[in-house]
Amino acid sequence: MRTVLTMPRGRLRPATTEDLDTLLGLLHEEEVRRYLCDNTMLPRETVAAMLTQSTQLDARGLGLWMIEQPSGDCLGVAGLQPVPVEMSAVPTIAGFIEPIIALRPEYWGHGLAGEAMATLRDYARGSLRLAQLVAAVDEPNTRSHRMMQHCGFTPVGTTPGPANELILYRLQLSQDPCSQD
């Protein structure tokens, strides 16, 4: 079961179907959707299905969490999910769990994505007992590359993506935790 996870400047609260409008608004922000959604305006039904899938992953301790300030204001979304089926042909990451992080642009550059990633990493290592996490980041997404490397992810290859070349990353969870900003 997913639980509320505490991070230094907020918390990760399990997302529910009541978060549909908030998540839809976040994913429709131009700067957020550029890489996370391959610049596609996801329809309401698709975002609703994401929340339903998150609920279905709950028994495994996976899914989506809303990133919130102590006041309850939503800063973004974070998640741990199986690598998508579309990536199953990429043996470097197929069959593993990947984190996702999306913040509202006004919160970029303050270390919150790193805090959320470190919180997910610690949860994956401790509660879920995962051996590693993997990720695929669009090549031009320099902010995400810096965050991945800051949190200890190592580049392990590339693969064509829907919009850009993807840089593939791996994090062995037996490594020392990355420092938080």
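Worth saying up front: this structure is predicted, and the values here are computed from it rather than measured.
Contact annotation: the side chain of Leu12 never approaches that of Glu115 to less than 4.5 Å [non-hydrogen atoms, C-beta and beyond]. With contacts defined as side-chain heavy-atom distances shorter than 4.5 Å, the pair Leu5/Thr3 qualifies. Using a 4.5 Å cut-off on side-chain heavy atoms (C-beta onward), Thr158 and Leu166 make no contact. The shortest side-chain heavy-atom distance between Met147 and His150 does not fall under the 4.5 Å cut-off. Using a 4.5 Å cut-off on side-chain heavy atoms (C-beta onward), Pro82 and Leu62 make contact. Considering only heavy atoms from C-beta on, Pro84 comes within 4.5 Å of Glu98 through its side chain. Using a 4.5 Å heavy-atom threshold, the side chains of Asp73 and Glu68 count as separate. Proximity of Tyr35 to Pro140: side-chain heavy atoms (C-beta onward) are separated by under 4.5 Å at one or more points.
Taken to the nearest 0.5 Å, the CD atom of Gln69 stands 8.0 Å off from the CG atom of Leu112. Summarising the geometry, atom CG belonging to Asp19 is positioned 12.0 Å from atom CE belonging to Met50; distances are rounded to the nearest 0.5 Å. Leu23 contributes atom CG, which lies 10.5 Å from atom OG1 of Thr16 (distance to the nearest 0.5 angstrom). Of the inter-residue distances, the one linking Glu29 atom CD with Leu36 atom CG reads 12.0 Å to the nearest 0.5 angstrom. Note: Thr159 OG1 to Ile167 CD1 = 10.0 Å, rounded to the nearest 0.5 Å.
Using modelled atom types, no side-chain atom of Arg121 and backbone atom of Gly152 make a donor-acceptor pair closer than 3.5 Å. Judged by distance alone, the side chain of Trp65 and the main-chain N or O of Leu80 form no donor-acceptor pair under 3.5 Å. Ser144 contributes no side-chain N or O that, together with a main-chain N or O of Val137, makes up a donor-acceptor pair within less than 3.5 Å. A donor-acceptor pair under 3.5 Å is absent between the side-chain atoms of Asn164 and the main chain of Glu139, judged by distance alone. Distance alone, capped at 3.5 Å, places no donor-acceptor pair between the Arg11 side chain and the Val4 backbone. Between the side chain of Trp108 and the main chain of Leu103, a donor-acceptor pair closer than 3.5 Å is present. Formation of a donor-acceptor pair under 3.5 Å by the Tyr123 side chain with backbone atoms of Gly61 is found in this model.
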- request: Decide yes or no on salt bridge (Lys or Arg N to Asp or Glu O under 4.0 Å) for Asp38 and Arg33, but give the supporting numbers first.
  value: CA-CA 6 Å; Asp38 297 317; Arg33 76 171 187 263; over 6 Å; no
Should Ile101 and Met117 be marked as a side-chain contact (heavy atoms from CB on, under 4.5 Å) after you check the CA-CA gap, both sets of side-chain angles, and the distance that decides it?
CA-CA 7 Å; Ile101 308 262; Met117 180 66 77; 4.0 Å; yes
**Asked** Under the side-chain contact (heavy atoms from CB on, under 4.5 Å) criterion, do Val134 and Val83 qualify, and how do the steps go?
**Response** CA-CA 8 Å; Val134 297; Val83 169; 3.5 Å; yes
*Verdict with reasoning, Ile97 to Arg60, per side-chain contact (heavy atoms from CB on, under 4.5 Å)*: CA-CA 11 Å; Ile97 302 299; Arg60 295 174 56 191; 4.0 Å; yes
- Query: Yes or no on side-chain contact (heavy atoms from CB on, under 4.5 Å) for Arg125 and Leu130, after CA distance, side-chain angles and deciding distance?
  - Reply: CA-CA 5 Å; Arg125 177 189 293 126; Leu130 297 178; over 6 Å; no
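For the side-chain contact (heavy atoms from CB on, under 4.5 Å) with Leu27, the lone residue among Thr40, Leu42, Thr46 that qualifies is Leu42. Each of Leu128, Asp122, Leu133 was checked for a side-chain contact (heavy atoms from CB on, under 4.5 Å) with Leu173, and the lone residue meeting it is Leu133.
Note: Phe153 and Tyr169 have perpendicular aromatic rings, judged against thresholds of 30 and 60 degrees for the angle between ring planes.
Met66 and Cys74 make their closest contact through CE-SG, 3.6 Å (heavy atoms, listed as atom of the first residue, atom of the second, distance). Counting all heavy atoms, side chain and backbone alike, Ile67 lies closest to Ala116 at CD1-CB, 4.0 Å. Across every non-hydrogen atom of Leu120 and Pro99, the tightest pair is CD1-CB, 4.2 Å. What you find for Pro155 and Gln149 is that their closest heavy atoms are CG-NE2, 4.2 Å. Across every non-hydrogen atom of Ala102 and Leu26, the tightest pair is O-CD2, 3.8 Å. Considering all non-hydrogen atoms of both residues, Ala136 and Ile93 come closest at CB-CD1, 4.3 Å.
One hydrophobic cluster, built from ILVMFWY side chains closer than 4.5 Å, holds both Tyr107 and Met148. There is a path of hydrophobic side-chain contacts, each under 4.5 Å, that joins Phe96 to Val156.
Salt bridge status for Arg34 with Asp138: absent, with no side-chain N to carboxylate O gap under 4.0 Å.
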